[in-house]
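Letters go in sequence order (proteins before strands), and every chain restarts at 1.
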4 protein chains.
Amino acid sequence: MPETSNRKEREKIQHRNEILDAAEEVFAEKGFHRTTVEDIASRAEFAVGTLYKFFPGKEELYQKLIEMRCVQLRDEVLAAMDKHSDPGAIIKSFIDTKIQLFKKYYSFARLYTRERLGDRFTDSDLWWKIAAPLFDEVYTRLEQVFKEGIEQGLFRDDIIPWDMTIALDNLTDGFMFQSLMFPDKLSFESKFETMVRLFFDGVSKNK
Amino acid sequence: MPETSNRKEREKIQHRNEILDAAEEVFAEKGFHRTTVEDIASRAEFAVGTLYKFFPGKEELYQKLIEMRCVQLRDEVLAAMDKHSDPGAIIKSFIDTKIQLFKKYYSFARLYTRERLGDRFTDSDLWWKIAAPLFDEVYTRLEQVFKEGIEQGLFRDDIIPWDMTIALDNLTDGFMFQSLMFPDKLSFESKFETMVRLFFDGVSKNK
Amino acid sequence: MPETSNRKEREKIQHRNEILDAAEEVFAEKGFHRTTVEDIASRAEFAVGTLYKFFPGKEELYQKLIEMRCVQLRDEVLAAMDKHSDPGAIIKSFIDTKIQLFKKYYSFARLYTRERLGDRFTDSDLWWKIAAPLFDEVYTRLEQVFKEGIEQGLFRDDIIPWDMTIALDNLTDGFMFQSLMFPDKLSFESKFETMVRLFFDGVSKNK
Amino acid sequence: MPETSNRKEREKIQHRNEILDAAEEVFAEKGFHRTTVEDIASRAEFAVGTLYKFFPGKEELYQKLIEMRCVQLRDEVLAAMDKHSDPGAIIKSFIDTKIQLFKKYYSFARLYTRERLGDRFTDSDLWWKIAAPLFDEVYTRLEQVFKEGIEQGLFRDDIIPWDMTIALDNLTDGFMFQSLMFPDKLSFESKFETMVRLFFDGVSKNK
DNA sequence: TATGAATGAGTATTCATTCAT
DNA sequence: TATGAATGAATACTCATTCAT
């Protein structure tokens with residue numbers, strides 16, 4: 001009997017994930033407003049009613065989706081950074097991991113870049129209560145890395161750690177945006193070197 | 001009689017601009033989808049029907065608004081850059097002008113950062129036919145500046161002009177985003193020096 | 001110009017009343033839940049959207065309808081009672097007026113008897129905030145009449161005025177219910193005499 | 001084996017009654033439309049599917065519930081009346097029994113007063129085929145009692161037996177309604193005397 | 001037999017757009 | 001020309017019912 005219960009439990013989680021995956025795809029393709037619940041349901045091969053067994057509404061489904069991916073991203077980024085101890089290596093690994101995740105969660109990347117500053121994200125609790133604290137963990141970690149780099153004499157001592165953090169994240173995001181919007185001119189991956197060099201040349205003490 | 005016609009003509013343009021200004025405010029506050037035509041009409045102190053005398057629909061009103069501001073931005077940015085001949089000075093003036101325009105067109109800045117990658121912007125012709133070509137003009141100009149800087153031996157010869165263009169624009173945008181989303185941690189204006197230094201230190205030949 | 005404004009204003013009120021009348025008919029026929037907004041709209045010969053210009057929703061439309069009729073009923077019942085000074089005559093006029101109003105507002109009578117104790121009526125503010133205070137005015141008036149009748153030695157001094165009020169109202173309602181539910185066995189109107197006699201025989205001092 | 005079959009049979013009836021009891025409670029609390037099958041199932045501590053083993057649908061469950069209670073009420077009312085032979089005593093026992101049943105079947109009383117004239121009750125066969133014939137049995141019995149009272153010279157000979165029947169039932173119902181809707185002003189039970197006196201004073205020959 | 005996950009038809013509500021005045 | 005009342009297509013959400021396990 002626990003066997004059956006486990007299977008059912010696993011199936012339920014599986015179905016929930018199928019719905020989230022379908023939603024991610026459709027939201028990425030059409031944006032939040034142009035996506036109908038019917039769209040998601042048929043993509044997931046469920047009836048609309050079934051979606052409402054798992055999520056109270058379209059809005060909450062969207063939020064859970066964003067939250068889930070943000071948690072994954074934070075976890076994977078921090079895990080990757082924790083494998084290194086040298087500030088330079090940590091930052092390189094941050095950039096590298098963002099690229100990997102961009103490819104791994106391509107639909108989400110599109111969704112995120114789409115909605116990042118849309119009304120869904122900025123106004124609601126989604127940003128302030130869910131995403132921002134997760135971002136903040138990564139930002140705080142990066143800020144710390146810059147501080148350590150300065151202390152260890154690796155980075156110039158006139159840089160402001162927080163500003164460098166913002167700059168680094170937006171630079172990587174910016175190349176991501178560009179590769180989505182000018183896909184012919186710029187492949188994100190190939191620019192790894194450009195970013196790293198630009199950034200380190202600006203930051204490092206002795207070049 | 002031409003007098004009358006002129007006054008009417010002027011009044012018409014005036015009304016059109018009032019509508020566009022109202023729309024900009026409301027779109028910036030609520031986003032495209034949550035803004036109703038009624039919202040815009042009452043903000044502009046016109047009847048809804050009147051809006052349809054000036055624009056064929058909500059979508060087109062939005063597009064004209066974006067287009068108008070993009071043209072203005074391009075014009076003002078290029079005009080500011082054209083006042084200088086030294087590559088370094090041109091780039092500094094680009095950054096400086098973005099900050100000025102951000103303040104001057106604050107509503108639009110909010111609207112733009114909001115919608116930049118939303119479905120309205122990316123999917124439709126709005127981006128590909130209207131905004132992208134205008135962006136491209138500025139980008140092409142910047143790329144040219146970097147090329148000249150390299151040729152004149154001011155910038156390192158291993159940088160890729162186009163990449164630097166993208167990096168520069170996204171770095172400034174990134175700080176703009178941040179100042180909107182973490183207004184307490186970061187005032188855009190005060191970061192001018194940070195950006196300039198970071199960028200030039202990474203790019204310049206002799207530091 | 002005030003002429004035009006007046007006509008428009010009058011037309012608007014007219015349309016609102018047309019919607020309320022249509023709603024009353026359909027609610028009386030099908031009950032609240034089985035009535036769709038589309039039903040009301042097509043009965044009123046308007047589009048659904050138009051209904052929402054006048055009322056925030058189906059629920060509120062229903063409430064306004066009940067409220068309007070309850071106010072009318074109170075006004076007409078009290079006005080009729082105020083034409084008399086003799087307690088017996090006042091009570092006869094109360095009964096008589098209820099019969100008249102039952103015929104005049106037949107749709108509402110059906111609606112009211114239908115919903116009187118349904119969940120719409122009893123749970124919500126509709127009863128406690130809207131209808132009950134109006135009922136109470138009439139009940140208080142009746143109670144007063146019974147008191148005066150006792151004081152004037154017309155009614156037995158062992159009756160309890162409030163109980164008589166309740167009894168009288170429910171007796172008349174009861175015959176109304178019956179005439180709706182057993183239309184063949186009982187016509188409400190023809191029972192005027194029965195009610196009056198039953199009631200006065202039970203209440204009057206000297207028969 | 002018949003033992004087992006009997007137990008199973010008994011269990012089945014037990015479960016059916018548990019479902020009906022749960023349904024009665026929830027319907028009384030929320031009304032027919034606002035009650036979901038899920039509500040009933042969880043109140044009865046069964047799965048929804050199980051309910052459909054016992055009843056073809058929500059509507060039929062509701063009807064069976066009403067029917068069952070109406071039959072019980074008829075049986076208990078008629079049984080109580082049959083214990084007496086004197087017309088006055090029979091009528092007193094009718095009133096008294098209604099009070100007892102109102103307390104005994106409080107949930108049903110709430111449900112009945114709620115739905116009595118709602119669309120479920122009046123439109124469908126529920127009223128005309130199920131409840132009305134049962135009511136009619138009691139009404140016919142009461143009518144007969146009034147006839148006998150007249151014949152025996154106990155009641156005035158100018159009363160109409162059927163009208164008195166209707167009046168009596170509605171008077172008791174009316175006080176029931178009131179005690180539900182103005183619970184502070186009127187406790188049904190305490191009004192027994194009032195009702196009896198009012199009614200008998202109106203009906204009896206020599207007062 | 002009992003379960004409860006899945007179904008999908010049905011409905012209230014919104015809002016861009018039209019057009020008679 | 002300007003108005004704003006009227007329109008109705010589009011869509012999120014509910015819940016009675018089914019059926020595979």
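- Atom-to-atom, NZ of C/Lys8 to C1' of F/dT3 comes out at 6 Å; the value is rounded to the nearest Å.
- Salt-bridge annotation for A/Arg69 and A/Glu24: present, with a side-chain N of the basic residue lying under 4.0 Å from a carboxylate O of the acidic one.
- When the side-chain nitrogen and oxygen atoms of C/Tyr52 are compared with OP1 and OP2 of E/dT13, one or more of them lie within a distance under 4.0 Å.
- With values rounded to the nearest 0.5 angstrom, D/Gln72 atom CD is found 9.0 Å from D/Phe108 atom CZ.
- Each of E/dA12, E/dT17, F/dA5 was ranked by its minimum atom distance to the side chain of C/Lys12; first place goes to F/dA5.
- For the pair C/Glu9 CD and F/dG4 C1', the computed distance is 13 Å after rounding to whole Å.
- Between B/Thr50 atom OG1 and B/His15 atom NE2 the span is 9.5 Å, to the nearest 0.5 Å.
- The side chain of B/His15 approaches F/dA2 more closely than any other nucleotide in the set E/dG8, E/dA12, F/dA2.
- Rounded to whole Å, the distance from CZ on D/Phe55 to C1' on F/dT18 is 18 Å.
- Between A/Leu51 atom CG and F/dC15 atom P the separation is 17 Å, expressed in whole Å.
- The nearest whole Å value for the distance from the CG atom in A/Asp39 to the C1' atom in F/dA10 is 12 Å.
- With DNA chain F read from its 5' end, the first of the two nearest nucleotides for A/Thr50 and C/Phe54 is the one closest to C/Phe54.
- When each of B/Glu18, B/Glu25, B/Glu38 is tested with B/Arg43 by the rule salt bridge (Lys or Arg N to Asp or Glu O under 4.0 Å), just one qualifies, namely B/Glu25.
- Using a 4.0 Å heavy-atom cutoff across all strands shown, D/Thr35 reaches sugar-phosphate atoms only and no base atom.
- Closest approach to the D/Val48 side chain among E/dG8, F/dA16, E/dG4 is made by E/dG4 (side chain taken as heavy atoms from C-beta onward).
- Of the candidate nucleotides E/dA2, E/dT13, E/dA6, E/dA2 has the atom lying nearest to any side-chain atom of D/Lys53.
- One atom, CD1 of D/Ile40, and another, C1' of F/dT17, lie 13 Å apart when rounded to the nearest Å.
- Residues C/Glu38 and D/Ala47 each lie close to DNA chain E; by heavy-atom proximity, the contact nearer the 5' end of the strand is made by D/Ala47.
- Here E/dT11 presents its P atom at 12 Å from NE2 of C/His33, a figure rounded to the nearest Å.
- Position along DNA chain E of the nearest nucleotide to D/Gly49 versus C/Val37 favours D/Gly49 as the more 5'-ward residue.
- In this pair, C/Phe27 and C/Phe32 present their aromatic rings parallel. The plane angle is below 30°, not in the 30 to 60° band.
- At a threshold of 4.0 Å, the pair A/Glu67-A/Lys64 counts as salt-bridged, since one of the basic side-chain nitrogens sits closer than that to a carboxylate oxygen.
- By the 30° and 60° cut-offs, the orientation of the rings of B/Phe46 relative to B/Phe54 is tilted.
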**Message:** Pairs counted only when both distances fall under 3.5 Å, Watson-Crick or G-U: show me the 5' to 3' dot-bracket for DNA chain E, [ ] for pseudoknotted crossings and | for other-strand partners.
**Reply:** .||||||||||||||||||||
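- For the pair D/Leu61 CG and F/dC15 C1', the interatomic distance rounds to 15 Å; values are reported in whole Å.
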